[in-house]
Amino acid sequence: MRIITPRYTIIEDHAINHLNDILKKLSINNPLVITGKKTKKFAPKEFDFIYYSELPERISGYDAIIGVGGGRAIDYGKYLAYKNDLPFISIPTTASNDGIASPIVSIKQPSFMTVSPIAIIVDTKIIEKSPKRLLASGFGDIVSNITAVLDWQLAYKEKGEKYSESSAIFSKTVAEEILNYVLSSDLKEFHKKLAKALVGSGIAIAIANSSRPASGSEHLFSHALDYLKEKYKLDVDSLHGEQCGFGAIIMSYLHEKENKNLTNLHIRIREALRKVKAPTTIEELGFDKEVIIEALSIAHKMRDRWTILREGISKEKARKIIEELFY
Ligand SMILES: NC(=O)C1=CN([C@@H]2O[C@H](COP(=O)(O)OP(=O)(O)OC[C@H]3O[C@@H](n4cnc5c(N)ncnc54)[C@H](O)[C@@H]3O)[C@@H](O)[C@H]2O)C=CC1
Ligand SMILES: O=C(CO)COP(=O)(O)O
Ligand SMILES: [Zn+2]
């Protein structure tokens with residue numbers, strides 16, 4: 001199977017200045033920009049634009065789509081490009097999840113595979129100035145790759161699932177590298193290392209042609225929270241990466257129980273999340289304890305993906321795990 005990865009990836013201060021040069025190299029003359037109301041100020045002024053909240057199904061007369069913004073702006077831009085069979089250029093204005101580089105579209109669950117961006121332009125000066133909460137969310141999404149790879153290896157061992165060692169090693173290495181960086185540094189370069197790690201995660205997904213290297217039981221838990229937010233009409237504004245990082249604390253704890261080589265993994269993950277000020281308590285994440293317990297007990301049903309949750313854990317066992325970890 002052919003692996004499609006971005007043809008141009010620039011991650012540096014003032015990277016935005018390279019856009020016209022990249023468009024020329026790609027022979028793109030008339031792109032349409034998809035952005036959000038708060039991130040329109042970062043969009044190149046010379047091209048037409050549409051807000052992602054006002055997306056048409058079909059467009060004509062453009063030869064590419066450029067996504068400029070946070071996770072949803074990039075996701076909707078990627079989706080529109082895919083629907084119209086156009087190349088997609090990703091220009092994230094923050095680093096809140098690995099959608100900035102992945103071939104996945106997650107505007108609704110289940111997410112689906114499209115095509116990797118043909119170019120990714122990450123202006124680290126813009127990222128640095130973006131809300132710290134969004135960068136903490138991005139760290140949650142990348143640290144979740146550690147439990148995602150552990151789950152993938154478990155599925156390979158217990159169910160014979162297709163597994164790519166090259167994608168898994170890549171995904172695990174970028175995640176562990178930034179975890180160690182956060183635990184041992186003053187975070188001066190955090191935004192740059194985070195942007196590079198999230199791009200690496202998106203490429204690992206492209207290599208696997210699946211979100212497996214970046215989405216395991218911790219993402220199932222996050223999808224369960226999204227489902228319960230909808231079901232109970234909860235007024236909770238937790239971000240994708242925040243939910244996944246919190247889920248990684250729980251799932252690394254479950255993996256540790258079965259694999260003594262992983263001792264203290266959940267402690268290291270929780271300490272690193274706390275250091276970047278990502279939510280690490282139920283109150284900080286914004287949910288009631290009972291919703292967290294219900295999410296853990298239904299997470300395995302969110303998609304057909306074998307993980308450490310296996311056929312699911314009872315509410316009683318979920319309660320015990322949550323109380324051991326957070327009380
Ligand atoms: N395709 C993929 O692989 C994945 C895609 N996603 C997508 O990402 C979405 C979540 O993305 P998030 O970014 O967490 O939330 P979001 O996109 O809902 O919100 C991000 C917020 O940050 C603001 N923002 C962005 N850059 C900024 C800057 N430089 N300064 C000030 N404000 C800025 C935006 O205006 C927006 O209000 C999901 O709903 C899903 O659509 C999530 C995970 C994976
Ligand atoms: O969020 C993702 C990777 O970080 C995509 O995961 P899903 O395939 O579970 O939606
Ligand atoms: Zn994710």
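Whatever order the structure lists them in is the order used to number ligands and atoms, beginning at 1. In this text the structure is predicted, and so the values were computed from the model without any measurement.
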Should one rank [options] by closest heavy-atom distance to [atom], which comes out on top?
atom: atom 38 (C) of ligand 1; options: R72, R133, M113, H219; result: R72
atom: atom 13 (O) of ligand 1; options: S96, G36, G99; result: S96
atom: atom 7 (P) of ligand 2; options: A214, A148, S111; result: S111

How does Y76 reach ligand 1, if at all, at less than 4.0 Å between non-hydrogen atoms: by side chain, backbone, both, or neither?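 Answer for Y76: neither.
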Can you tell me the protein heavy atom closest to [atom] and the distance?
atom: atom 20 (C) of ligand 1; value: L134 CD2, 4.1 Å
atom: atom 8 (O) of ligand 1; value: N97 ND2, 3.1 Å
atom: atom 31 (C) of ligand 1; value: P131 CD, 3.4 Å

Enumerate the atoms of ligand 2 whose separation from the nearest heavy atom of S106 is less than 4.0 angstrom. 10 (O)
Quick one: which ligand 1 atoms are inside 4.0 Å of a heavy atom on [X]?
X: K38; answer: 35 (O), 37 (O)
X: S102; answer: 1 (N), 2 (C), 3 (O)
X: K78; answer: 1 (N)
X: F42; answer: 29 (N)

Before you tell me yes or no, could you show the steps for K157 and E258 under salt bridge (charged side-chain N to carboxylate O under 4.0 Å, His left out), namely the whole-Å CA-CA distance, both residues' side-chain angles and the distance that decides it to 0.1 Å? CA-CA 14 Å; K157 197 169 119 231; E258 298 189 17; over 6 Å; no
What's the NE2-the Zn ion (ligand 3)-NE2 angle here (H219, H240), rounded to 10 degrees? 100°
Return yes when at least one N/O/S atom of D98 is nearer than 2.8 Å to the Zn ion (ligand 3), and no when none is. no
Establish, yes or no, whether a centroid distance under 6.0 Å links the rings of H266 and H255. no
Restricting D141 to its N/O/S atoms, the closest one to the Zn ion (ligand 3) is OD1
Yes or no on salt bridge (charged side-chain N to carboxylate O under 4.0 Å, His left out) for K37 and E54, after CA distance, side-chain angles and deciding distance? CA-CA 11 Å; K37 294 199 165 69; E54 300 156 8; 3.4 Å; yes
What do we get for N97 next to ligand 2 when only non-hydrogen atoms under 4.0 Å count, side chain, backbone, both or neither? neither
Steps toward salt bridge (charged side-chain N to carboxylate O under 4.0 Å, His left out) verdict (E128, K125): CA-CA 5 Å; E128 186 176 23; K125 269 294 166 220; 3.1 Å; yes
